[in-house]
Amino acid sequence: MEAAAAEVRYGIVGVGMMGREHLHNLAHLAAEVGREQSVKVRVTGLADPHQESLRLGLQLADELGLPAPQTFSGHRELLDSGLCDAVIVSSPNMTHYEILMDIISHHQPHHILVEKPLCTTVQHCKKVIEAAKQRPDIIVQVGLEYRYMPPVAKLIDIVKSGALGQVRMVAIREHRFPFLVKVNNWNRFNCNSGGTLVEKCCHFFDLMRLFAAANPVRVMASGAIDVNHKDEKYDGKVPDIIDNAYVIVEFDNGSRGMLDLCMFAEGSRNEQEISVVGDTGKGEAFVPESIVRFGKRTEGRDGVVTIMAEDERIKYQGLHHGSSYLEHLNFLSAIRAQGACGPSVNLSDGLLSVAIGVAGQLSIEQGRFVTMEEVLGS
């Protein structure tokens, strides 16, 4: 793709809430990199079978001062148009597999940024990985953008520096609001989303792996539907997505991770609280306060340092505290490197974040530890 050095043309597949969030980010990215003579970013196509989403996407593009992208009722039409060098997949979770396979197998190469989760099943994730191996001419990045939230990124740096010693425990608390309303209420059912631990919590399982610098061995979870969505019905069916859970993940280096999820906890100061404890120190990150605290065992409580975490590269805060903007910066850098470096979040990262969630869902259903071996298979 010789033209990619001068211009990267983006298409967005799925122009619902997250698709329009990507449009916001790309508009700010285009304005920022447009100051460079070496690259130009342009949104050239929007694809969605839902006409209202397309209308809202076009309306937003106009409000953002972008040239009107061409619209398509499906991803195949967008791919065949030849208008795009890169495709953002932000359609409902259960559509990712088919769309990814179509993009990867298309005769024209398209780089891909796919929203989390990569797919809703481990088997589909693995098939996407195998297909992508046949296409060294394309980059596939997975949208696990919580890595880039400034306080989380700062804590990752602290852990990697060795300041906390050997990591032994990672505890992540997400106390937040219920799932938002999506097009046709697709996210109310496990069969569409992969289940709450896949849909929402793949972010946190990805972070646990990063902090532990290890791979998961087995998972134990307890969760239920206790408050949310119990009085809702869609086509006569009551939603089956859990709204709270505890999940324990054991890693192959002996460290452990724990997720405390509650989706009826709007009365919280922070939505995410992350604690990483090593054998010599402890670090914490708080979102959205954007505070990081860390201290050494030898210095005790009085030695704890508190800092505000910021990233001056962020030009748009958006729904995820600027992390989506940084995600797009990383994706564009990988595209411009033309294969010299891989994506910052790769397909293996996407697979394992889904697999831990699948193991957690199975553990809740069956009331037992679930090994990663049985979930990942051979």
Side-chain angles (χ1 to χ4, degrees), residues 11-14 16-19 22 47-49 74-76 79 86-106 110-135 138-147 179 182-184 186-207 209 215-216 219 240-242 247 327 331 342-363 365 370 372-378:
I12 300 177
V13 176
M17 186 192 77
M18 273 312 301
H22 283 294
D48 200 309
H75 65 279
R76 294 185 184 93
L79 296 174
V87 177
I88 312 297
V89 179
S90 47
S91 55
N93 298 1
M94 67 285 189
T95 67
H96 287 188
Y97 173 66
E98 180 184 347
I99 291 169
L100 287 170
M101 294 298 276
D102 284 345
I103 300 172
I104 291 167
S105 65
H106 198 270
H110 299 84
H111 300 303
I112 304 166
L113 173 59
V114 55
E115 264 300 333
K116 61 78 194 166
L118 173 58
C119 298
T120 58
T121 70
V122 167
Q123 187 162 359
H124 281 170
C125 289
K126 291 171 82 169
K127 286 183 177 179
V128 167
I129 289 172
E130 286 307 307
K133 286 177 182 174
Q134 310 306 313
R135 293 300 300 264
I138 69 174
I139 290 160
V140 187
Q141 181 169 316
V142 182
L144 293 165
E145 80 282 351
Y146 278 40
R147 294 175 174 217
F179 279 121
K182 298 290 182 79
V183 174
N184 296 327
W186 66 264
N187 63 340
R188 294 308 198 246
F189 297 96
N190 290 330
C191 61
N192 295 331
S193 70
T196 301
L197 297 184
V198 171
E199 207 293 321
K200 184 73 198 73
C201 303
C202 57
H203 279 305
F204 307 121
F205 301 137
D206 179 59
L207 292 180
R209 282 185 58 239
N215 282 320
V219 177
D240 59 357
I241 47 170
I242 62 172
V247 185
E327 171 181 61
F331 183 49
S344 53
V345 187
N346 63 34
L347 287 169
S348 178
D349 297 322
L351 164 66
L352 286 169
S353 69
V354 167
I356 298 172
V358 168
Q361 293 283 150
L362 188 59
S363 177
E365 290 169 21
V370 174
M372 294 308 298
E373 189 176 20
E374 65 182 289
V375 169
L376 289 168
S378 57

Taking C-beta and beyond as the side chain, do [X] and [Y] meet within less than 4.5 Å on heavy atoms?
| X | Y | answer |
| --- | --- | --- |
| D349 | L351 | no |
| H203 | E145 | yes |
| V128 | Y97 | yes |
| I12 | S90 | yes |
| V13 | I88 | no |
| Y146 | L207 | yes |

For [X] and [Y], which heavy atoms make the closest approach, and how far apart are they?
| X | Y | result |
| --- | --- | --- |
| H111 | I139 | ND1-N, 2.9 Å |
| P216 | M372 | O-CG, 3.3 Å |
| E327 | G143 | OE2-CA, 2.9 Å |
| G74 | A47 | O-CB, 3.6 Å |

For [X], what residues pass the side-chain hydrogen bond (donor to acceptor under 3.5 Å, both in side chains) criterion, not counting sequence neighbours?
| X | value |
| --- | --- |
| Q123 | none |
| T120 | none |
| E130 | K133 |

Can you list the residues that meet the side-chain contact (heavy atoms from CB on, under 4.5 Å) rule with [X], with sequence neighbours excluded?
| X | result |
| --- | --- |
| S105 | none |
| N184 | none |
| R135 | I104, P109, D137, I138 |
| S353 | L144, C202, D206 |

side-chain contact (heavy atoms from CB on, under 4.5 Å) between F179 and I241, intermediate numbers included:
CA-CA 10 Å; F179 279 121; I241 47 170; 3.3 Å; yes

Quick check: does any side chain N or O of [X] sit under 3.5 Å from a backbone N or O of [Y], one acting as donor and the other as acceptor?
| X | Y | answer |
| --- | --- | --- |
| H96 | V114 | no |
| K126 | L376 | yes |
| D102 | I99 | no |
| N192 | N187 | no |

To the closest 0.5 Å, what do you measure between [atom1] ([X]) and [atom2] ([Y])?
| X | Y | atom1 | atom2 | answer |
| --- | --- | --- | --- | --- |
| T95 | W186 | OG1 | CH2 | 8.0 Å |
| N190 | M94 | CG | CE | 12.5 Å |
| Q141 | L347 | CD | CG | 10.0 Å |
| I103 | E98 | CD1 | CD | 11.0 Å |
| S193 | K182 | OG | NZ | 10.0 Å |
| T121 | H124 | OG1 | NE2 | 4.5 Å |

Under the side chain to side chain contact (heavy atoms under 4.5 Å, CB included) test against V375, which residue among V219, V370, V354 passes?
V370

Take V345 and R147 through the side-chain contact (heavy atoms from CB on, under 4.5 Å) test and state the conclusion after the steps.
CA-CA 9 Å; V345 187; R147 294 175 174 217; 3.8 Å; yes

Can you list the residues that meet the salt bridge (Lys or Arg N to Asp or Glu O under 4.0 Å) rule with [X], with sequence neighbours excluded?
| X | answer |
| --- | --- |
| D240 | none |
| E365 | none |
| D48 | none |
| E199 | K116 |

Mind running side-chain contact (heavy atoms from CB on, under 4.5 Å) on R76 and H106 for me, showing each step along the way?
CA-CA 9 Å; R76 294 185 184 93; H106 198 270; over 6 Å; no

If you look only at distance, which donor and acceptor atoms sit under 3.5 Å apart when one is on a side chain in residues 355-362 and the other is two or more places apart or in another chain?
from : atom 1 : to   : atom 2 : distance (Å)
Q361 : OE1    : T196 : N      : 3.2
Q361 : OE1    : L197 : N      : 2.9

